[in-house]
J.: 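My questions all concern the structure below.
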Amino acid sequence: MHRTHNCGELRRANAGQTVTLAGWVNSYREQGKELVFVDLRDRYGKTQVVFYTDDDSKIDSLARRLRREDVIKIVGEVRYRGDGLVNAKLATGEIEVRVQQLVVLSRSKTPPFEIEGGELPNEELRLKHRFLDLRRPELQRNIILRHELTQAVREYFNQRNFLEIETPMLGRSTPEGARDYLVPSRVHPGSFYALPQSPQIYKQILMVSGFDRYYQIARCFRDEDLRADRQPEFTQIDVEMAFVERDDVLNTIDGLVSSVMKKVRGIEVPVPLPRYTYRDVMERFGCDKPDMRFGMEITDITDIAGASEFSVFKTVSSSGGRIRGLNVKGGSEKYSRRLLDVDLKNFVGDFGAKGLAYMKVAGGKLESSIAKFFSDAQQQEIISRMQGEEGDLLLFVADTYKVTCAALAALRNRIGKEQNLYDPASFACLWVVDFPLVTWNAEEGRYDAEHHPFCQPNPEDSEYLKSDPGKVRADSYDLVVNGYEAASGSVRIHDSEVQQMVFDLLKINSEEAERRFGFLLEALRFGAPPHAGIALGLDRWVMLLAGNDNIREVIAFPKTQKAADMLTGAPSGVDDRQLRDLHIDVVEPPPK
RNA sequence: GGGGUCGUAGCUCAGUCGGUUAGAGCGCCAGCCUGUCACGCUGGAGGCCGCGGGUUCGAGUCCCGUCGACCUCGCCA
């Protein structure tokens, strides 16, 4: 062993012991000819080691040539630093190690950015030198937190009779859903494997096989454009249970969340987590993943606005649209005309809203360029319904239901953040249930599955399956945390006839269904237990627990927005030989 | 595919209305310093202003294109 202790564990009680430490030179402080301090760093902490010249020892000339990030090993005696010399900022601050022997294990080039202190360089540079970036205490903390979370998850499921079962990475492409990452087959010219978007079908088949409680920390791949909270490869805590109903899954995950939050962050999460219907959250928050750390709910004034003289509102109302708004408490003074007319208007414009109307509550009335179109009684009705008080700012979007939802949800999140309406360190977890089974795809002229094609229609709505599919609720559920979709799941179809009906609804004809999912349909014909499951986004959970808003901060080797790995240079070209083996011809895209 | 922000020293940034020799802090190098701890002090080196074109007497600055990073809409069963 190159060390007897790590750099975070020595205390005053160790004084007098001779120890061997190894680590990176974090900083270097020379005090004249006869005294040199080095802070030695490893993942456990930092320890000050001191090179001294006195009767017993001389500073090795090597010590004077040490530089940041050199890797060294020292042998020395632990000493109490002395009263008044303790560094309270370090866990090991009571002691230092007086060096008797120094071995330089490895020299470092001057790092392109500072590991500790200094401002963070741009992310491109950090990703190119990820090996250095990962030395930073923040990232070390995140990676360790991630480990603790996965261990807590495994412990929870293992104690409850779940089996961790691996499923293939090389699978069959099922064109439904996200774009697949494809892997060409060498032995089957022209055929391809797909990397899993999720282990969905495999885990259902495991249920049919009788492994009635399954989980897996599973890597998933989706070739879609990235966001701050999305990576092309990401990790799911994948769960499936047989002989259960919706609430059994919800209760199991309630338990997981409260146990894990307690274990890794010491946070008490009261369970059961609150449950809201999709309809309810869309009406009150405009989106299916509301940030419930603050209120500011959406209020509908279609009836009042439609009766006013304001033609924009009247037109929208009479054509079946909605007029809905937010009350920004005390917002009158906080948003200038320019902000409202330009910034916020353009902001909601990104979500399809053609305008943003605003009114200020002042002197018991509404103050606005459009106030004149509202009678006194209508103004009072708006104020009272929006619970307006002196100084409040009321913001309205008039459009289709869908657009008012999208625009107001985004606006609500933006204002909540910029007006500090919540404690960013707090957590608000909730279930959203009863999603629609399908949504109408106008372009393709058919219904699309909202969740996936294996999701059980709510039996109460089965009468609408043929007559009005848009009204059918799915037996599905999302777990939402601080405005992020943190988990998503459903009760699955375990009856091949019901499955066939849903395929029909999705206009997946039998031939096509057999070709694409025949193996699942066939499995369902051999005695399939009722089953249900869920998948939690591990990366997002770690991100939230780390108090971060970027998923790359909790992934050791993340990819850029164009799905490139700045460290290794992936993706890259390959030898012609490899392409020949795979029967692949590359067609260069035409020059622009 | 669309919209936006950014790209100047190793890093983070400033750089006025287009003007003569492109600056600061940190880092780096050298010297000094026996109790520092993001040590301090003194001095020094370091620039294809992302890349390519254009306008101009003159471009870091204006225009066009392009590359890259980030945010975002679409997309993500």
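Proteins get letters first, then strands, A, B, ... in listed order; numbering begins at 1 in each.
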J.: When you look at A:E485 and A:K289, which way does the salt bridge (Lys or Arg N to Asp or Glu O under 4.0 Å) test go after all the steps?
T.: CA-CA 6 Å; A:E485 180 190 312; A:K289 44 179 181 177; 5.9 Å; no
J.: Please determine whether a side-chain nitrogen of the Lys or Arg among A:E138 and A:R136 lies less than 4.0 Å from a carboxylate oxygen of the Asp or Glu.
T.: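 Salt bridge present between A:E138 and A:R136.
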J.: Treating A:R540 as the side-chain partner and A:D229 as the backbone partner, does any N or O pair qualify as donor plus acceptor under 3.5 Å?
T.: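 Pair found, side chain donor or acceptor close to backbone of A:D229.
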J.: Do A:R552 and B:rC70 have a side chain to base donor-acceptor pair shorter than 3.5 Å?
T.: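 No, the side chain and the base share no sub-3.5 Å donor-acceptor pair.
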J.: Can you check whether A:K559's main-chain N or O pairs, donor with acceptor, with A:Q231's side chain at less than 3.5 Å?
T.: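 Judged by distance alone, yes, a pair lies under 3.5 Å.
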J.: Taking only N and O in the side chain of A:K109, is any of them less than 4.0 Å away from OP1 or OP2 of B:rG10?
T.: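 A:K109 to B:rG10 OP1/OP2: no side-chain N or O under 4.0 Å.
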J.: Out of B:rG27, B:rG68, B:rC33, which nucleotide sits closest to the side chain of A:R68?
T.: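 Per side-chain heavy atoms of A:R68, the pick is B:rG27.
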J.: Looking at B:rC29, I'd like to know if its phosphate oxygens (OP1 or OP2) sit under 4.0 Å from a side-chain N or O belonging to A:R67.
T.: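 It does, given that an N or O in the side chain of A:R67 lies less than 4.0 Å from OP1 or OP2 of B:rC29.
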J.: Could you measure between the two C1' atoms, the one in B:rU21 and the one in B:rC64, and give it in whole Å?
T.: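 My reading of the C1' atoms in B:rU21 and B:rC64 gives 31 Å.
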J.: Say you pick atom C1' in B:rG19 and the same atom in B:rA9; how far apart are they, in whole Å?
T.: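 Those two atoms are separated by 23 Å.
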J.: Check every atom of B:rG68, B:rC11, B:rG35 against the side chain of A:P121 and return the nucleotide holding the closest atom.
T.: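 It is B:rC11.
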J.: Pick the P atom in B:rG4 and in B:rC11, then give their distance to the nearest Å.
T.: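 About 28 Å, rounded to a whole number of Å.
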J.: At under 4.0 Å between heavy atoms, what does A:L127 touch on the DNA or RNA strands: base, sugar-phosphate, or nothing?
T.: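 Counting heavy atoms under 4.0 Å across all strands, no contact is made by A:L127.
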J.: Between B:rA69 and A:T560, is there an OP1 or OP2 to side-chain N/O distance shorter than 4.0 Å?
T.: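 For B:rA69, OP1/OP2 do have a side-chain N/O of A:T560 under 4.0 Å.
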J.: Given B:rG35, B:rC26, B:rC76, identify the nucleotide with an atom nearest to the side chain of A:Q48.
T.: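 In terms of side-chain proximity for A:Q48, the closest of B:rG35, B:rC26, B:rC76 is B:rG35.
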J.: Would you mind telling me which of B:rA38, B:rU36, B:rC71 lies closest to the side-chain atoms of A:K89?
T.: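 Given the options B:rA38, B:rU36, B:rC71, the side chain of A:K89 is closest to B:rA38.
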J.: Is a donor on one side and an acceptor on the other found under 3.5 Å between the side chain of A:T92 and the backbone of A:K46?
T.: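 Side chain of A:T92 to backbone of A:K46, a donor-acceptor pair under 3.5 Å: yes, one is there.
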J.: Distance check, P atoms only: B:rG74 and B:rC6, in whole angstrom units.
T.: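 Comparing P positions in B:rG74 and B:rC6 gives a spacing of 24 Å.
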J.: Between the base of B:rG74 and the side chain of A:R227, is there a donor-acceptor distance below 3.5 Å?
T.: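 Indeed, a donor on one side and an acceptor on the other fall under 3.5 Å apart.
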J.: Between the base of B:rC76 and the side chain of A:R222, is there any donor-acceptor pair under 3.5 Å?
T.: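 For A:R222, whose side chain was compared with the base of B:rC76, there is no donor-acceptor pair (under 3.5 Å).
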J.: Side chain of A:A178 only, heavy atoms from C-beta on: which candidate in B:rC73, B:rC76, B:rU36 is closest?
T.: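 The answer is B:rC76.
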J.: From CG of A:N346 over to P of B:rG2, roughly how many Å is that when rounded to an integer?
T.: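 Taking atom P of B:rG2 as the reference, CG of A:N346 is at 19 Å.
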J.: Which nucleotide, B:rC28, B:rC33, B:rG68, lies nearest any side-chain atom of A:E30?
T.: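 Of all the options, the side chain of A:E30 is nearest to B:rC33.
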J.: Can you tell me if A:F37 is stacked onto the base of B:rU36, using a 5.5 Å centroid cut-off and an angle below 30°?
T.: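 Answer is yes, a stack.
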J.: What nucleic acid atoms does A:P112 come within less than 4.0 Å of, heavy atoms only: base, sugar-phosphate, or nothing?
T.: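 Sugar-phosphate only.
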J.: The side chain of A:A228 lies closest to which of these nucleotides: B:rC71, B:rG68, B:rC70?
T.: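 That would be B:rC71.
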J.: Tell me whether the side-chain N or O atoms of A:E114 pair up with the base of B:rU12 as donor and acceptor below 3.5 Å, since no angle test is needed here.
T.: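 No.
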J.: Any base atoms under 4.0 Å from A:E485, or only sugar-phosphate, or nothing? Heavy atoms, all strands.
T.: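 Contact class for A:E485: none.
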J.: Using the P atom as the reference point in each nucleotide, state the distance between B:rC63 and B:rA59 in Å, no decimals.
T.: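 Looking at atom P only, B:rC63 and B:rA59 are 16 Å apart.
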J.: Any idea which of B:rU72, B:rC70, B:rG27 is nearest the A:T110 side chain?
T.: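 Selected nucleotide (nearest to the side chain): B:rG27.
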J.: Looking only at atom P, what distance separates B:rG35 and B:rC26, rounded to whole Å?
T.: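 Roughly 23 Å separates the two P atoms.
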J.: Indicate whether the side chain of A:D180 and that of A:Q197 have a donor and an acceptor atom separated by less than 3.5 Å.
T.: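 Per modelled atom types, A:D180 and A:Q197 side chains form a pair under 3.5 Å.
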J.: Suppose we call a contact any N or O donor and acceptor under 3.5 Å apart; does that hold for the side chain of A:E123 and the base of B:rG68?
T.: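 No, the side chain and the base share no sub-3.5 Å donor-acceptor pair.
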J.: Answer yes or no: side-chain N or O of A:D225 and base N or O of B:rG74 forming a donor-acceptor pair under 3.5 Å.
T.: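 Looking at the base of B:rG74, it does pair with a donor or acceptor on the side chain of A:D225 (distance under 3.5 Å).
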J.: Closer to the 5' end of RNA chain B via nearest nucleotide, is it A:E224 or A:D229?
T.: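 In this pair, the answer is A:D229.
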J.: Which of the following nucleotides, B:rA69, B:rC75, B:rU12, is nearest to the side chain of A:E119?
T.: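 Side chain of A:E119 sits closest to B:rU12.
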J.: Look at the side chain of A:L35 and decide which nucleotide, out of B:rU72, B:rA69, B:rG35, has an atom nearest to it.
T.: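 Nearest listed nucleotide: B:rG35.
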J.: Just to be sure I understand the rule, does A:E450 reach a base, reach only the sugar-phosphate, or reach nothing, if contact means heavy atoms closer than 4.0 Å?
T.: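 Sugar-phosphate contact only.
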J.: Has A:N122 got a side-chain N or O lying under 4.0 Å from the OP1 or OP2 atom of B:rU12?
T.: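 The answer is yes; a side-chain N or O of A:N122 sits under 4.0 Å from OP1 or OP2.
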J.: Using a 4.0 Å heavy-atom cut-off across all strands, classify A:L226 as base, sugar-phosphate, or nothing.
T.: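 Nothing, no nucleic acid heavy atom in range.
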J.: Separation of A:D448 atom CG from B:rC75 atom C1', in whole Å?
T.: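 Going from A:D448 (CG) to B:rC75 (C1'), I get 13 Å.
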J.: Any chance you could measure A:E9, atom CD, to A:D42, atom CG, to the nearest 0.5 Å?
T.: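 Reported to 0.5 Å precision, the distance equals 9.0 Å.
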J.: Keeping A:T404 on the side-chain end and A:Y401 on the backbone end, is there a donor-acceptor pair under 3.5 Å?
T.: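 Looks like yes, one N/O pair under 3.5 Å.
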J.: For A:F454, answer base if it contacts any base atom (sugar-phosphate contacts may also be present), sugar-phosphate if it contacts only those atoms, and nothing otherwise; contact means non-hydrogen atoms under 4.0 Å.
T.: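 Touches nothing.
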J.: May I ask you to evaluate whether A:N550 reaches the phosphate of B:rC71, defined as a side-chain N or O under 4.0 Å from OP1 or OP2?
T.: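 True: A:N550 side-chain N/O within range (under 4.0 Å) of B:rC71 OP1/OP2.
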J.: Roughly how far apart, to the nearest Å, are B:rG2 and B:rC49 at atom C1'?
T.: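 Their C1' atoms lie roughly 30 Å apart.
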